Amino acid sequence: MKQGMANKGEKETSAVDLVLEKDEQWRKTVTELDLTRAEGNKKAKLIGQLMAQGKKEEAQKLIRETGQGKETVKKLEEQLSVLQKERDDLLYQIPNVPDASVPVGTGSDDNVVFKTWGEPSTEEWRLPHWDLAAEKGWIDFDRGSKVTGAGFPFYTGPMARLQRALINFFLDEAAENGYTEIQPPYFVNEDSARGTGQIPDKEDMMYTIPRDGFFAIPTAEVPVTNFHRDEILSMDGLPIYYTAYTPCWRREAGSYGKEVRGLNRLHQFDKVELVKFVHPEKSDEELESLREYAESLLEKLSLPYRTLLMCTGDMGFTQTKKYDLEVWSPGQQRWLEVSSCSNFGSFQARRMQLRYRNEKGKTEMVHTLNGSGLALPRVVASILETHQTEAGEVIIPKVLRPYIGKAQM
RNA sequence: GGAGAGGUGCCGGAGCGGUCGAACGGGCUCGCCUGGAAAGCGAGUGUGCCGUGAAAACGGUACCGAGGGUUCUAAUCCCUCCCUCUCCGCCA
């Protein structure tokens with residue numbers, strides 16, 4: 001655990017020891033409490049029997065004896081809930097441990113380029129998507145700011161149509177590849193946010209609806225993975241593949257500058273998500289097929305990309321292994337992340353009490369995975385730049401034409 | 001939003017202060033029966049946690065929507081919340 005945490009860049013690994021210590025105390029208290037309860041239960045049962053037999057005096061005598069037992073139970077229960085909260089608070093702060101195949105590293109420089117596809121264009125004449133979109137009147141950032149705030153753009157005319165085409169294309173592709181389409185709620189409750197690990201790790205990134213105790217989803221991963229929370233799945237039913245289109249809301253506090261220019265980073269964006277529930281022994285290969293599927297989408301859109309195998313220090317709190325797919329943005333001459341394919345092992349399942357029944361009839365935690373397939377804004381950015389002509393037109397990728405009815409815009 | 005009814009195991013559905021982890025029916029699993037099947041018969045059939053154990057298993061404890069409370073004892077009584085259903089209102 002500690003090695004894994006250290007590899008993820010956690011400086012402080014003492015939480016592990018503290019958890020063990022708290023757990024030790026917690027166990028002791030549980031045992032004591034159970035014993036005291038057993039005693040009380042025995043007495044209560046006896047009293048019941050005596051009453052039934054009409055031996056009132058004997059029963060009364062026993063009732064008088066129950067006082068201190070009750071006190072003890074109450075005291076132990078209080079202790080136990082305190083210990084449990086202390087232990088669990090610590091436990092929730094411990095990240096998932098990286099898989100052995102993940103390169104050890106401290107930051108983005110240590111990520112490994114796993115694969116590249118296509119020829120990233122270095123031609124200078126291409127406009128960044130925000131300039132082209134402004135020129136054509138396709139995306140209205142200013143009115144978005146007026147109506148809501150920065151990071152909430154309007155897409156207009158052909159751009160709105162392109163968005164819708166992409167959503168449909170992604171959903172149709174996923175369906176053809178065995179993913180069941182789901183339309184989930186866009187708000188979730190606190191248990192769900194904790195189930196997938198947004199709480200406590202990424203609590204600040206979510207928009208909240210405090211009056212009703214809801215969180216606006218930062219990704220469809222949250223409602224879709226929680227779909228099976230607190231369930232025991234049958235082994236025959238695995239693996240389960242879901243896909244869902246949803247808007248995603250992220251506060252993205254403290255992000256400014258060219259990094260967030262145009263469609264690079266928004267507070268609201270559209271995404272088609274892929275979620276898998278699988279047998280623990282299959283999650284490694286399931287991650288690879290998830291990655292390959294996401295890659296196939298970029299290939300069908302003729303967008304050059306590269307796949308990174310994220311190193312331990314750059315992969316995040318909840319994952320055991322993660323690939324990032326980055327599409328090339330020729331207008332910006334940089335790579336943009338459009339998909340993140342992750343294996344969570346049993347991390348989310350443990351939080352969600354999500355199990356399956358194995359060959360022997362025992363319950364075991366399932367493994368969960370998810371990936372974007374894909375996130376729209378940066379794909380749109382790359383389409384506008386990659387398929388841009390010198391005349392300022394955009395050639396629509398063949399696979400999208402049935403959805404748009406045009407070859408260019 | 002208003003009024004009423006209700007939330008029990010895989011499902012249906014009893015229980016409404018003690019012997020209830022929970023009757024009964026259905027489902028499912030195993031066995032018997034059969035040439036095979038149906039019917040019939042018999043047995044079994046929850047989860048979390050703690051402890052013992054290599055394991056199988058066993059012991060304890062908790063769980064009858066969630067959380068509090070009353071009581072020697074709560075699925076059963078009280079309070080708060082959530083959810084479902086019916087009627088009215090409103091409404092895409």
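Atoms considered below: every heavy atom in the structure, side chains included; atoms not considered: hydrogens, waters and symmetry mates. Keep in mind the model is a prediction, meaning the values are calculated, not measured. Naming: A, B, ... by sequence-line order, numbering from 1 per chain.
Rounded to whole angstrom, the span from the CG atom of A:L62 across to the P atom of B:rG18 amounts to 19 Å. Here the P atom of nucleotide B:rC49 and the NZ atom of A:K22 are 21 Å apart, to the nearest Å. Remark: C1' of B:rC50 and CG of A:L83 are 14 Å apart, rounded to the nearest angstrom.
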Polar-atom pairs under 3.5 Å, protein N or O versus N or O of nucleotides 71-80 of chain B: list them with distances, or write none.
unit_1 : atom_1 : unit_2 : atom_2 : d
B:rC72 : O4'    : A:T66  : OG1    : 3.4

N/O contacts under 3.5 Å, protein versus nucleotides 51-54 of chain B?
unit_1 : atom_1 : unit_2 : atom_2 : d
B:rG51 : OP1    : A:R27  : NH1    : 3.3
B:rG51 : OP2    : A:R27  : NH1    : 3.2

Restricting to nitrogen or oxygen on both sides, can you table the protein-nucleotides 20-23 of chain B pairs closer than 3.5 Å?
none

Give every pair of a protein N or O atom and an N or O atom of nucleotides 42-47 of chain B that lie under 3.5 Å apart, one pair per line with the distance.
unit_1 : atom_1 : unit_2 : atom_2 : d
B:rU47 : OP1    : A:R357 : NH1    : 2.6
B:rU47 : OP1    : A:R357 : NH2    : 3.4
B:rU47 : O3'    : A:R355 : NH1    : 2.7

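Salt-bridge check for A:E190 with A:R194: passed, with a basic side-chain N closer than 4.0 Å to an acidic carboxylate O. Between A:E286 and A:K276 there is a salt bridge, since at least one side-chain N of the basic residue sits less than 4.0 Å from a carboxylate O of the acidic one. A:K75 has no carboxylate O lying under 4.0 Å from a charged side-chain N of A:E71, or vice versa, which leaves the two without a salt bridge. Using a cutoff of 4.0 Å between basic side-chain nitrogens and carboxylate oxygens, A:D142 and A:K146 are not scored as salt-bridged.
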Could you pull out every donor-acceptor pair under 3.5 Å between side chains of residues 397-409 of chain A and any protein atom, sequence neighbours left out?
unit_1 : atom_1 : unit_2 : atom_2 : d
A:R401 : NE     : A:I396 : O      : 2.8
A:R401 : NH2    : A:I396 : O      : 2.9
A:Y403 : OH     : A:D172 : OD2    : 2.7
A:Q408 : NE2    : A:E393 : OE1    : 2.8

Using atom types as modelled, flag every donor-acceptor pair under 3.5 Å from a side chain in residues 33-47 of chain A to any protein atom, sequence neighbours excluded.
unit_1 : atom_1 : unit_2 : atom_2 : d
A:T36  : OG1    : A:E32  : O      : 2.7
A:R37  : NH2    : A:E77  : OE2    : 2.8

If you look only at distance, which donor and acceptor atoms sit under 3.5 Å apart when one is on a side chain in residues 230-240 of chain A and the other is two or more places apart or in another chain?
unit_1 : atom_1 : unit_2 : atom_2 : d
A:E231 : OE1    : A:H228 : ND1    : 2.8
A:S234 : OG     : A:G237 : N      : 3.3

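Applying the salt bridge (charged side-chain N to carboxylate O under 4.0 Å, His left out) test to every pair with at least one member in residues 349-365 of chain A, sequence neighbours left out, gives no pairs at all. Within the structure, the ring-ring contact (aromatic ring centres under 6.0 Å, His included) test picks out the following pairs touching residues 150-171 of chain A (sequence neighbours left out): A:F152-A:H267. Screening residues 299-314 of chain A for salt bridge (charged side-chain N to carboxylate O under 4.0 Å, His left out), with sequence neighbours left out, gives A:K115-A:E299, A:E173-A:K300, A:R306-A:E326.
Not counting sequence neighbours, the partners of A:K271 by the side chain to side chain donor-acceptor pair (under 3.5 Å) test are A:T219, A:E273.
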Heavy-atom contacts, protein to nucleotides 57-69 of chain B, under 4.0 Å, summarised as B (base), S (sugar-phosphate only) or - (none) per nt, yield ---BSS-------
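For the residue pair A:G4 and A:P98, the shortest heavy atom distance occurs at O-CD, 3.6 Å. For the pair A:Q93 and A:F317, the tightest heavy-atom approach, listed with the atom from each and the gap, is O-CE1, 3.4 Å.
With the nearest nucleotide of RNA chain B identified for both A:Q49 and A:K360, A:Q49 has the one nearer the 5' end.
Put simply, the residue from A:N96, A:T368, A:T320 that forms a side-chain contact (heavy atoms from CB on, under 4.5 Å) with A:F347 is A:N96.
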